[in-house]
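Beneath this line is the structure, given in C-alpha coordinates, with notes to follow.
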Amino acid sequence: YPIPVADACASCHVDRHVFPASARRWIRCADCHAEGAWTPSAYGGARHAQSSFPLDGAHAAVPCVACHRDPEQGHDRFTLGLGAQTCATCHAADDPHADRYVGLSCEACHATDAFEDVAFDHATVAGQTCTTCHAPDDPHADQFEGRDCSACHATEEFAIGVFDHSATRFPLDGAHDDGPCAGCHLTTGSGDQALVRYRPLGMQCADCHRSEK
(Lines give C-alpha, C1' and ligand atoms only; values in the text may rest on other atoms or scores of the structure.)
Protein backbone atom coordinates (compact mmCIF):
# COMPACT_ATOMS: atom_id res chain seq x y z
CA TYR A 1 0.00 0.00 0.00
CA PRO A 2 1.23 3.50 -0.73
CA ILE A 3 2.30 5.46 2.30
CA PRO A 4 0.41 8.78 2.51
CA VAL A 5 2.43 11.93 2.75
CA ALA A 6 1.65 13.34 6.19
CA ASP A 7 4.24 15.97 6.89
CA ALA A 8 1.70 18.66 7.86
CA CYS A 9 -1.71 18.86 9.52
CA ALA A 10 -3.29 19.87 6.20
CA SER A 11 -2.14 16.57 4.72
CA CYS A 12 -5.09 14.90 6.46
CA HIS A 13 -7.22 17.66 7.94
CA VAL A 14 -9.36 20.16 6.09
CA ASP A 15 -8.51 23.68 7.22
CA ARG A 16 -11.78 25.36 8.16
CA HIS A 17 -10.27 28.75 8.89
CA VAL A 18 -10.28 31.83 6.69
CA PHE A 19 -7.12 33.81 7.34
CA PRO A 20 -6.14 37.26 6.18
CA ALA A 21 -3.58 36.83 3.39
CA SER A 22 -0.96 38.64 5.45
CA ALA A 23 -1.35 36.21 8.36
CA ARG A 24 -1.25 32.89 6.54
CA ARG A 25 2.52 32.72 6.53
CA TRP A 26 2.97 32.91 10.31
CA ILE A 27 -0.12 31.16 11.75
CA ARG A 28 0.47 27.47 12.41
CA CYS A 29 -2.07 24.82 13.50
CA ALA A 30 0.07 24.00 16.51
CA ASP A 31 -0.31 27.57 17.76
CA CYS A 32 -3.86 26.73 18.81
CA HIS A 33 -4.39 22.98 18.49
CA ALA A 34 -2.74 19.87 19.93
CA GLU A 35 -2.62 16.37 18.49
CA GLY A 36 -4.65 14.93 21.36
CA ALA A 37 -7.82 16.82 20.37
CA TRP A 38 -8.80 19.73 18.17
CA THR A 39 -10.92 21.24 20.91
CA PRO A 40 -10.67 23.04 23.16
CA SER A 41 -8.34 25.41 21.38
CA ALA A 42 -5.32 26.70 23.23
CA TYR A 43 -6.30 30.18 22.11
CA GLY A 44 -8.38 31.47 25.00
CA GLY A 45 -9.12 34.65 26.88
CA ALA A 46 -5.56 35.18 28.07
CA ARG A 47 -4.20 35.16 24.52
CA HIS A 48 -7.12 37.23 23.25
CA ALA A 49 -6.18 39.85 25.86
CA GLN A 50 -2.85 40.26 24.05
CA SER A 51 -4.55 40.83 20.71
CA SER A 52 -5.80 44.11 19.26
CA PHE A 53 -9.27 43.30 20.64
CA PRO A 54 -9.11 42.26 24.32
CA LEU A 55 -12.36 40.69 25.53
CA ASP A 56 -14.16 42.43 28.37
CA GLY A 57 -17.65 42.55 29.81
CA ALA A 58 -20.14 40.28 28.06
CA HIS A 59 -17.67 39.70 25.23
CA ALA A 60 -15.70 37.37 27.51
CA ALA A 61 -18.65 34.94 27.62
CA VAL A 62 -19.45 34.95 23.90
CA PRO A 63 -18.59 31.73 21.98
CA CYS A 64 -15.78 32.24 19.47
CA VAL A 65 -18.00 31.24 16.54
CA ALA A 66 -20.46 34.05 17.33
CA CYS A 67 -17.93 36.56 16.03
CA HIS A 68 -15.61 34.43 13.91
CA ARG A 69 -18.12 32.53 11.78
CA ASP A 70 -17.80 33.44 8.12
CA PRO A 71 -21.33 33.64 6.62
CA GLU A 72 -19.97 33.88 3.08
CA GLN A 73 -17.96 30.69 3.42
CA GLY A 74 -20.60 28.62 5.23
CA HIS A 75 -21.34 27.87 8.86
CA ASP A 76 -18.44 25.45 9.20
CA ARG A 77 -15.85 28.03 8.18
CA PHE A 78 -14.29 30.46 10.63
CA THR A 79 -12.59 33.72 9.88
CA LEU A 80 -9.82 34.94 12.13
CA GLY A 81 -9.55 38.39 10.58
CA LEU A 82 -12.57 40.59 11.33
CA GLY A 83 -11.33 43.76 9.67
CA ALA A 84 -12.88 46.80 11.32
CA GLN A 85 -13.30 46.16 15.04
CA THR A 86 -16.25 48.45 15.66
CA CYS A 87 -19.49 47.59 17.44
CA ALA A 88 -21.31 47.57 14.12
CA THR A 89 -18.97 44.87 12.80
CA CYS A 90 -20.90 42.32 14.85
CA HIS A 91 -23.97 44.18 16.12
CA ALA A 92 -25.35 46.03 13.10
CA ALA A 93 -28.38 43.74 13.05
CA ASP A 94 -29.04 44.48 16.73
CA ASP A 95 -29.04 48.26 16.30
CA PRO A 96 -32.53 49.61 17.14
CA HIS A 97 -31.58 53.21 16.29
CA ALA A 98 -31.47 53.00 12.49
CA ASP A 99 -29.59 56.12 11.32
CA ARG A 100 -30.51 58.41 14.20
CA TYR A 101 -27.05 58.53 15.74
CA VAL A 102 -24.80 58.52 12.71
CA GLY A 103 -21.45 60.02 13.67
CA LEU A 104 -21.75 59.13 17.36
CA SER A 105 -19.92 56.13 18.78
CA CYS A 106 -21.84 53.33 20.48
CA GLU A 107 -19.50 53.69 23.44
CA ALA A 108 -21.01 57.12 24.15
CA CYS A 109 -24.04 55.33 25.61
CA HIS A 110 -23.29 51.61 25.87
CA ALA A 111 -20.71 49.49 27.65
CA THR A 112 -19.75 45.90 26.91
CA ASP A 113 -21.35 44.65 30.14
CA ALA A 114 -24.86 44.83 28.63
CA PHE A 115 -26.64 46.84 25.94
CA GLU A 116 -29.46 47.61 28.37
CA ASP A 117 -27.16 49.53 30.73
CA VAL A 118 -27.04 53.00 29.19
CA ALA A 119 -24.74 55.58 30.74
CA PHE A 120 -24.65 58.71 28.64
CA ASP A 121 -22.83 61.93 29.46
CA HIS A 122 -24.16 64.86 27.44
CA ALA A 123 -20.82 66.58 27.90
CA THR A 124 -19.36 64.13 25.38
CA VAL A 125 -21.41 65.71 22.59
CA ALA A 126 -20.78 69.37 23.37
CA GLY A 127 -21.73 71.65 20.53
CA GLN A 128 -24.70 69.53 19.46
CA THR A 129 -28.34 70.51 19.88
CA CYS A 130 -31.09 68.39 21.41
CA THR A 131 -32.65 67.86 17.99
CA THR A 132 -29.40 66.33 16.69
CA CYS A 133 -30.46 63.11 18.44
CA HIS A 134 -34.00 63.68 19.65
CA ALA A 135 -35.84 65.16 16.67
CA PRO A 136 -37.91 61.96 16.21
CA ASP A 137 -38.92 62.14 19.90
CA ASP A 138 -40.27 65.70 19.68
CA PRO A 139 -44.04 65.55 20.37
CA HIS A 140 -44.51 69.30 19.89
CA ALA A 141 -44.38 69.56 16.08
CA ASP A 142 -43.43 73.17 15.28
CA GLN A 143 -44.90 74.80 18.39
CA PHE A 144 -41.52 75.68 19.88
CA GLU A 145 -39.46 76.23 16.77
CA GLY A 146 -36.46 78.38 17.62
CA ARG A 147 -36.83 77.78 21.35
CA ASP A 148 -34.22 76.00 23.45
CA CYS A 149 -35.44 72.63 24.75
CA SER A 150 -33.71 73.31 28.07
CA ALA A 151 -36.33 75.97 28.83
CA CYS A 152 -38.63 73.12 29.86
CA HIS A 153 -36.60 69.90 29.84
CA ALA A 154 -33.50 68.68 31.66
CA THR A 155 -31.03 66.12 30.35
CA GLU A 156 -31.94 63.61 33.07
CA GLU A 157 -35.38 62.89 31.56
CA PHE A 158 -37.89 64.31 29.10
CA ALA A 159 -40.69 64.57 31.65
CA ILE A 160 -41.13 68.14 32.91
CA GLY A 161 -40.55 68.43 36.64
CA VAL A 162 -41.69 71.92 37.53
CA PHE A 163 -42.68 74.47 34.91
CA ASP A 164 -42.61 78.13 35.88
CA HIS A 165 -45.81 79.48 34.33
CA SER A 166 -45.12 82.90 35.81
CA ALA A 167 -42.46 83.40 33.14
CA THR A 168 -45.05 83.06 30.38
CA ARG A 169 -47.59 85.52 28.99
CA PHE A 170 -50.25 83.84 31.12
CA PRO A 171 -49.15 83.64 34.80
CA LEU A 172 -51.40 81.35 36.81
CA ASP A 173 -53.30 82.81 39.73
CA GLY A 174 -56.36 81.95 41.77
CA ALA A 175 -58.09 78.72 40.70
CA HIS A 176 -55.88 78.55 37.61
CA ASP A 177 -52.92 77.72 39.84
CA ASP A 178 -54.53 74.44 40.95
CA GLY A 179 -55.94 73.43 37.58
CA PRO A 180 -54.49 70.44 35.67
CA CYS A 181 -52.31 71.29 32.67
CA ALA A 182 -54.57 69.19 30.43
CA GLY A 183 -57.50 71.45 31.32
CA CYS A 184 -56.11 74.12 28.98
CA HIS A 185 -53.50 72.24 26.97
CA LEU A 186 -55.75 69.80 25.16
CA THR A 187 -54.55 66.81 23.13
CA THR A 188 -55.54 66.80 19.49
CA GLY A 189 -55.30 63.84 17.13
CA SER A 190 -54.51 60.28 18.22
CA GLY A 191 -51.81 57.65 17.95
CA ASP A 192 -48.71 58.92 16.16
CA GLN A 193 -50.60 62.09 15.31
CA ALA A 194 -51.40 62.99 18.93
CA LEU A 195 -50.32 66.50 19.82
CA VAL A 196 -50.65 68.49 23.03
CA ARG A 197 -51.42 72.08 22.08
CA TYR A 198 -49.26 74.50 24.04
CA ARG A 199 -49.19 77.39 21.63
CA PRO A 200 -50.74 79.40 20.20
CA LEU A 201 -53.62 79.52 22.70
CA GLY A 202 -56.14 82.27 23.26
CA MET A 203 -55.83 84.03 26.62
CA GLN A 204 -59.38 85.33 26.97
CA CYS A 205 -61.73 83.72 29.48
CA ALA A 206 -64.04 82.60 26.71
CA ASP A 207 -61.26 80.70 24.99
CA CYS A 208 -61.42 78.06 27.71
CA HIS A 209 -64.73 78.63 29.48
CA ARG A 210 -67.22 78.70 26.62
CA SER A 211 -69.20 75.76 28.00
CA GLU A 212 -69.54 77.43 31.39
CA LYS A 213 -71.45 80.49 30.15
Side-chain angles (χ1 to χ4, degrees), residues 1-137 155-157:
Y1 297 99
I3 300 175
V5 176
D7 56 357
C9 300
S11 299
C12 298
H13 300 284
V14 175
D15 185 357
R16 301 194 182 279
H17 305 85
V18 180
F19 294 95
S22 60
R24 171 61 69 180
R25 67 179 185 275
W26 55 264
I27 294 180
R28 300 170 302 170
C29 301
D31 291 337
C32 299
H33 302 284
E35 293 181 8
W38 284 113
T39 58
S41 168
Y43 194 98
R47 289 179 62 180
H48 218 298
Q50 300 172 3
S51 72
S52 60
F53 194 89
L55 300 179
D56 58 2
H59 286 150
V62 175
C64 303
V65 295
C67 294
H68 292 287
R69 179 174 288 136
D70 190 330
E72 295 182 1
Q73 298 290 334
H75 293 301
D76 62 343
R77 300 279 286 180
F78 307 101
T79 179
L80 300 187
L82 296 181
Q85 296 174 353
T86 65
C87 300
T89 302
C90 292
H91 298 288
D94 304 319
D95 181 10
H97 308 305
D99 295 329
R100 291 180 60 181
Y101 303 123
V102 173
L104 297 179
S105 67
C106 301
E107 293 88 343
C109 297
H110 300 282
T112 57
D113 294 336
F115 273 128
E116 294 79 9
D117 296 337
V118 178
F120 179 70
D121 181 3
H122 277 86
T124 62
V125 289
Q128 305 292 329
T129 65
C130 300
T131 55
T132 300
C133 295
H134 298 291
D137 303 316
T155 56
E156 287 77 13
E157 58 180 341

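With sequence neighbours left out, the side-chain contact (heavy atoms from CB on, under 4.5 Å) criterion links A114 to E116, D117. Scanning for side chain to side chain donor-acceptor pair (under 3.5 Å) contacts around H91 gives D94, with sequence neighbours left out. Every salt bridge (charged side-chain N to carboxylate O under 4.0 Å, His left out) that D31 has, sequence neighbours left out, goes to R28. Every residue was checked against the side chain to side chain donor-acceptor pair (under 3.5 Å) condition with H122, not counting sequence neighbours, and none meets it.
Sorted by first and then second residue, the side-chain hydrogen bond (donor to acceptor under 3.5 Å, both in side chains) pairs involving residues 103-114 (not counting sequence neighbours) are D56-T112. Listed by first and then second residue, the side-chain hydrogen bond (donor to acceptor under 3.5 Å, both in side chains) pairs that reach into residues 39-50 are H48-S51, sequence neighbours excluded.
Here the side chain of H17 pairs no donor or acceptor atom with the backbone of T79 at under 3.5 angstrom. A side-chain donor-acceptor contact under 3.5 Å links H33 to the backbone of W38.
When all heavy atoms of P54 and A49 are compared, the closest pair comes out as CG-O, 3.7 Å. Shown here for V62 and A58, the closest heavy-atom pair between the two residues is CG2-O, 3.3 Å.
Note that CD of Q85 is 9.5 Å distant from SG of C90, once rounded to the nearest 0.5 Å.
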